[in-house]
Amino acid sequence: MSQMLQMFQQAGAAQFSAMIGQVAPYFASIAPQMIELRPGYAEVSFAKRREVLNHIGTVHAIALCNAAELAAGSMTDASIPAGCRWIPKGMTVEYLAKADGDIRTVADGSKVDWSQTGDIKVPVMAYVGDKPVFRAEITMYVSQA
């Protein structure tokens with residue numbers, strides 16, 4: 001079991017969410033809440049508040065990217081085989097609608113072959129309520145440790 005998944009299970013969602021900004025300080029900028037983490041799935045939310053807004057009063061594109069990377073990275077860590085490591089290699093994003101509310105970000109890796117190494121494409125979606133506002137594909141480079 002990955003250290004990240006073990007930490008999530010032992011600490012619980014609230015405490016894990018508070019700790020993630022200590023592990024990777026930039027994630028703290030969106031004040032994320034890890035809702036769920038398991039192999040093949042991660043869900044992260046964050047509130048629409050002044051610190052994450054752009055000039056038109058919607059959630060900034062980079063805040064959405066930040067949440068997508070947190071969800072995809074956490075899920076990748078929980079999903080890859082023991083003895084492997086990962087690093088994000090690239091991200092392709094598409095903005096689908098104005099992000100005008102609290103954000104729920106989902107990395108669904110249920111269709112990803114986690115036994116492979118090399119480039120793995122991780123799909124991520126972000127929603128305001130049930131409205132899709134953002135889509136990303138994050139390329140994770142997975143290798144033997």
Side-chain angles (χ1 to χ4, degrees), residues 1-5 7-9 11-14 16-81 84-145:
M1 177 184 303
S2 80
Q3 286 183 328
M4 189 169 296
L5 182 57
M7 198 166 65
F8 178 76
Q9 291 175 343
F16 178 87
S17 298
M19 293 185 314
I20 200 68
Q22 298 299 316
V23 175
Y26 188 69
F27 289 133
S29 68
I30 61 169
Q33 297 298 306
M34 182 68 71
I35 305 302
E36 189 172 350
L37 176 60
R38 65 179 191 269
Y41 187 86
E43 186 171 334
V44 174
S45 67
F46 69 96
K48 177 187 175 191
R49 61 189 212 295
R50 187 179 196 298
E51 293 83 357
V52 298
L53 299 183
N54 59 26
H55 65 289
I56 61 172
T58 61
V59 176
H60 194 280
I62 298 305
L64 294 166
C65 290
N66 196 353
E69 187 175 345
L70 175 57
S74 299
M75 193 241 332
T76 298
D77 195 79
S79 302
I80 60 175
C84 287
R85 61 183 173 200
W86 62 274
I87 190 164
K89 185 176 175 182
M91 181 187 300
T92 302
V93 300
E94 184 178 3
Y95 305 102
L96 307 173
K98 288 182 181 177
D100 55 1
D102 295 345
I103 303 297
R104 180 175 62 91
T105 307
V106 176
D108 182 354
S110 60
K111 295 181 177 147
V112 174
D113 178 3
W114 293 107
S115 67
Q116 67 180 333
T117 56
D119 289 350
I120 294 178
K121 306 286 186 179
V122 177
V124 183
M125 291 292 297
Y127 304 88
V128 171
D130 291 332
K131 175 179 77 172
V133 296
F134 171 92
R135 176 182 13 243
E137 183 178 77
I138 301 178
T139 303
M140 300 294 189
Y141 180 74
V142 177
S143 62
Q144 295 294 320

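Everything numeric here is computed off the predicted structure, so don't read it as measured data.
Ser2 and Asp77 form a side-chain donor-acceptor contact under 3.5 Å, judged by distance and modelled atom types alone.
The ring-ring contact (aromatic ring centres under 6.0 Å, His included) check on Phe8 picks up Phe16, with sequence neighbours excluded.
Between the OH atom of Tyr141 and the CZ atom of Arg85 there is a distance of 8.5 Å, given to the nearest 0.5 Å. Going from atom CD1 of Ile138 over to atom CH2 of Trp86 covers 9.0 Å, rounded to the nearest 0.5 Å. Between the CD1 atom of Ile103 and the CZ atom of Phe134 there is a distance of 9.5 Å, given to the nearest 0.5 Å. Note that the CZ atom of Arg104 and the CG atom of Asp102 stand 12.0 Å from one another [nearest 0.5 Å]. In this structure, Asp113 CG and Ile120 CD1 are separated by 7.5 Å, a value rounded to the nearest 0.5 Å. Separation of atoms CD (Glu69) and CD1 (Ile30) is listed at 10.0 Å; rounding is to 0.5 Å.
Under the 4.5 Å side-chain criterion, counting only non-hydrogen atoms from C-beta, Pro123 is not in contact with Glu137. You'll find the side chain of Thr76 reaches within 4.5 Å of the side chain of Val122, heavy atoms only. For the pair Lys48 and Leu53, the minimum side-chain heavy-atom distance is below 4.5 Å. Side-chain contact between Val112 and Ser79: absent, with no pair of heavy atoms (C-beta onward) separated by less than 4.5 Å. Side-chain contact between Val128 and Lys98 is absent, with no heavy atoms from C-beta onward closer than 4.5 Å. Looking only at side-chain heavy atoms (C-beta outward), Phe46 and Val59 come within less than 4.5 Å of each other.
Nearest heavy-atom pair across Met125 and Pro132 is CE-CB, 3.7 Å. Closest non-hydrogen pair, Ser29 versus Arg49, comes out as O-NH2, 3.4 Å. Across every non-hydrogen atom of Ala11 and Met19, the tightest pair is CB-CE, 3.8 Å.
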Given Val124 and Met75, is the side-chain contact (heavy atoms from CB on, under 4.5 Å) satisfied, shown in steps? CA-CA 10 Å; Val124 183; Met75 193 241 332; over 6 Å; no
Under the side-chain contact (heavy atoms from CB on, under 4.5 Å) rule, what do His60 and Val52 come out as? Steps first, then yes or no, please. CA-CA 6 Å; His60 194 280; Val52 298; 5.7 Å; no
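Within a 6.0 Å radius of CG in Leu96, other residues, nucleotides and ligands contribute more than 12 heavy atoms. Heavy-atom neighbours of Glu94 CD from other residues, nucleotides or ligands within 6.0 Å: above the threshold of 12.
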Kindly list each side-chain donor-acceptor pair under 3.5 angstrom involving residues 31-42, sequence neighbours excluded, with atom names and distances?
from, atom 1, to, atom 2, distance (Å)
Glu36, OE2, Arg38, NH1, 2.1
Tyr41, OH, Glu43, OE1, 2.6

